[in-house]
Amino acid sequence: MRFQFNPKLGIDNPALCLGEDTGSDPEPSARFCVLRKDADGGFAFYLRKEQEREGHIVRQVMPGGPAYLAGLRDGDQLLQINGEYVHEQEHLRVVQKIKYSGSRVSLGVLDEAAYERLRSSHRSPASVLPSFLPDSCPRPRFYRVKNEGRGFGFTASATGGVRGTFLLQVDEGGPAQKAGVPHGSRLLEVNGESTISITLSQLTKKLQRKSSHVVLLVLEASAWDIYESHGVPLSAALAETSSLPYRTRKLHLVKGTQGYGFLLRQEKCPAGQGQFLREIDPGLPAEDAGMREGDCLLGVNGQSVEGLEHEDIVSMIQESGKQVTLIVISNEGDRFFSEIGLSPLLFYEEAILNHSECKNTTQITTDTPSGPGHTDPQVKADPAKSHSTSTEIQRNEE
């Protein structure tokens, strides 16, 4: 029977009825926000690691700031940075990836309610991302090339005369080949400076400066199209960690009857001021944990100490109780990362010990929030060192 539509009665043909609202929740879908730094050089939000939720949570998004205007909201779950899946990466490393992404960063996030639905259905957060870099995709790699008196053993050519597109020709048996630089690879950075917008003449001048070595960031030429197709900007934040000559170390110290047994000292370094570990007492917890003379302190109990005051860092250590976890790098490693303008925490991978009282919050701005503001009575400052600040973290004072 042919259906006759009666406008007074409405649609009553079951075949034409719209499906009723079952009240089911919509399918979780990721949002993508492109942030640009403000005039102060920040994105104006906090990234937090919380015990009741896995991964990295966006908090305190400043109204009217770059993050807010890009669509980021409080409680969002961060899943992706510049096309890279970061949900399961260490918190400190994720923070550094954002900070060192340059003036622009693309974030893939999921709102809090959608993330909870995803967890209840036992689905991976990666399932809501339409496209991210495959694990098999080659990453940029760092190479430290020595000058053996006749240069670095490679030449660069601009493909098609286009600025910033440099391919490397590596000399047989030269320093670059000894360092492992692949022939035909694409040059991305020289000593921490991007080559994307410079001319061949400018690059040549950089390489001709008298130096005992040069640090190159390169990418296999075959991988360039993969990054282009995914719209992922190439930067040092994506570099393969195994190519680094220096790595961070995690030290877990349990306080003994004589304390930890080391001196924390603020000293001048290539990056300005740094916190260095000195006068390590033989047989005490610091030495037993693997601390080395001159190590640079990067983090305490999973929180970065970069930019904090010396007294605040000491308080963080003293207030951690009978045990503390430190993230350190060798003195040589600190100089290497200063040379290329990066934080070693950008490549920190080891699992961080979870403390029941510890929550990690990092403000994504140019200013780093200060830590605790008082001095523990067990701390002994060294007033005789006018050029530096020293604090002995050694013995309990009853």
Side-chain angles (χ1 to χ4, degrees), residues 81-85 93 96-97 100-102 131-247 333 336-337 339-344 346-347 349:
I81 300 175
N82 292 333
E84 182 182 11
Y85 183 60
R93 188 180 183 193
Q96 299 299 324
K97 284 180 181 291
Y100 287 94
S101 290
S131 178
F132 57 92
L133 288 173
D135 292 338
S136 59
C137 179
R139 300 302 176 101
R141 295 177 65 91
F142 283 105
Y143 295 95
R144 193 171 189 267
V145 183
K146 295 181 180 180
N147 186 339
E148 297 183 350
R150 295 185 178 181
F152 300 108
F154 70 87
T155 56
S157 60
T159 57
V162 180
R163 81 167 53 208
T165 56
F166 304 114
L167 298 181
L168 301 181
Q169 289 78 47
V170 179
D171 300 340
E172 186 72 25
Q177 187 185 61
K178 293 177 182 177
V181 179
H183 184 78
S185 55
R186 188 153 185 167
L187 181 63
L188 304 177
E189 293 183 5
V190 175
N191 291 336
E193 297 182 25
S194 173
T195 61
I196 298 300
S197 60
I198 67 174
T199 64
L200 181 59
S201 175
Q202 291 171 323
L203 175 62
T204 302
K205 289 180 180 179
K206 285 180 180 292
L207 296 173
Q208 286 178 343
R209 295 172 184 167
K210 291 184 178 180
S211 177
S212 61
H213 65 274
V214 65
V215 179
L216 308 178
L217 179 66
V218 307
L219 177 70
E220 290 183 22
S222 60
W224 179 263
D225 290 340
I226 301 176
Y227 287 88
E228 289 258 295
S229 62
H230 284 76
V232 177
L234 282 157
S235 70
L238 294 170
E240 172 62 53
T241 57
S242 64
S243 67
L244 295 166
Y246 302 97
R247 306 291 292 275
F336 170 80
F337 281 100
E339 182 180 8
I340 61 177
L342 298 175
S343 166
L346 178 61
F347 306 101
E349 289 185 316

Within the structure provided, determine whether [X] and [Y] are in side-chain contact (heavy-atom separation under 4.5 Å).
X	Y	value
K206	I198	yes
Q177	D171	no
V145	H213	no

Under the criterion side-chain contact (heavy atoms from CB on, under 4.5 Å), which of L217, L203, L216 is the partner of T195? L203
Result of checking L200, L187, L167 against S157 for side-chain contact (heavy atoms from CB on, under 4.5 Å): L167
At what distance, to the nearest 0.5 angstrom, does [atom1] of [X] lie from [atom2] of [Y]?
X	Y	atom1	atom2	answer
C137	L219	SG	CG	7.5 Å
F142	F347	CZ	CZ	4.5 Å
E148	S212	CD	OG	12.0 Å
T241	R141	OG1	CZ	9.0 Å
L244	F337	CG	CZ	4.5 Å

Could you go through L238 and Y227, starting from their C-alpha distance and side-chain angles, then the distance that decides it, and tell me whether this counts as side chain to side chain contact (heavy atoms under 4.5 Å, CB included)? CA-CA 11 Å; L238 294 170; Y227 287 88; 3.9 Å; yes
Shortest non-hydrogen contact between [X] and [Y], atoms and distance:
X	Y	result
R247	S242	NH1-CA, 4.2 Å
Q96	S343	OE1-CB, 3.3 Å
Y143	G180	CE2-O, 3.3 Å
V215	R144	CG2-CG, 4.2 Å
L207	F154	CD1-CE1, 3.8 Å
G333	Y246	CA-CG, 3.5 Å

